[in-house]
Amino acid sequence: MTETKSNNGLKVIAGLLGVVLLGTIIYTVSLYQDKQKTTNQLTQEKELVVEDLNSLKSEYDKAILESNATNEELVSARDNIAKYIDSVKTMKADISSLSRYRRQVSILKKEREQLLKQVDSLTQSNTLIAMQRDSTFVELEKQTVFNDSLVVQNTQLADAVERGSALNLSKFTVDAVKERSSGKLVSTSRATRTDKFKICFTIADNVIAEAGDREFFVEVLDPQGNVLGESYSKSNDSGASVTYSKGTNFYYENSSLDVCDYINKPSGDFQKGNYMVNVYDDRLKLLGTSKFALK
């Protein structure tokens, strides 16, 4: 009887232990499942945070590429996001850390909106400045073309005035003369009788020419092509030069003027043959040529 009671007690205790063990197993499995579920949720949350950060980084990359000039603020913000991505990937996921990074993502999104607004504003300003610069450049080009045109017109006008104000001869004569004892000059065609050449020319009237003292240069060439007289030399600004026999000075007052000058014979008589006389103005422009012969 006593042994039967003892066996029944052991059975009860074994049953209770079995129930406790089963409950422990069930509880442990439940805890493990809850932990796995929590770990999976944290991993998913971590991946979402990384995805949001990668999306922000991509938007910054696009904004930097579209920007005409490197924007240091955009580059700095993108680099910071890259650091956050590395930190999230390597961290051990927990609720506290993920909450902190979620808040940071929200802050970064607001910062991105502000920076992109600034970039848009700067881009619009730069575009406006570029348009104004291009417009100014076009106007400068137009003004340059206009100024060049004025320079050309002024140069042409100056050339026309210079040409128009140049003096010209309306008459030019050369005469071989003999001076009688009375001082009277008579024409001759013989070399042995010639004492001097009388060179006369008439300067045409010119209302736009500058009045004042002028000098023309007379060049007399003998039959051998030698210059008679003192053989002076004269050059102009363009580098042209002429050797002349005599300079003839006169005062010009815009009206027709008769001028005469003389070339005396050399130490001996004049040679027989053909002579040529040239008259140049003060800029060495050839105004007239006359040829004659002595017998």
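In terms of modelled atom types and a separation under 3.5 Å, the side chain of S245 and the main chain of L228 share a donor-acceptor contact. No donor-acceptor pair closer than 3.5 Å links the side chain of T194 to the backbone N or O of K196. Remark: the backbone N or O of F197 is not paired with any side-chain donor or acceptor of Y275 at under 3.5 angstrom.
Within 6.0 Å of CD on Q224 lie more than 12 heavy atoms contributed by other residues, nucleotides or ligands.
The distance from atom CG of L185 to atom NZ of K198, rounded to the nearest 0.5 Å, is 6.5 Å.
Y232 has its side chain out of reach of V227: every pair of non-hydrogen atoms, C-beta onward, lies at least 4.5 Å apart. Side-chain contact between N264 and D195: absent, with no pair of heavy atoms (C-beta onward) separated by less than 4.5 Å. Within the 4.5 Å cutoff, no side-chain heavy atoms of L257 are placed close to those of T202.
There is a path of hydrophobic side-chain contacts, each under 4.5 Å, that joins L287 to V220. Using a 4.5 Å cut-off between side-chain heavy atoms of Ile, Leu, Val, Met, Phe, Trp and Tyr, with links allowed through other members, L221 and L286 fall into different hydrophobic clusters.
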_Please evaluate residues Y280 and F217 with respect to the criterion ring pair (Phe, Tyr, Trp, His ring centres under 6.0 Å), reporting the C-alpha separation (whole Å), side-chain torsions for both, the decisive distance (0.1 Å), and the verdict._
CA-CA 5 Å; Y280 299 89; F217 305 101; 8.0 Å; no
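Side chains of D205 and S255: a donor-acceptor N/O pair is absent below 3.5 angstrom, by distance only.
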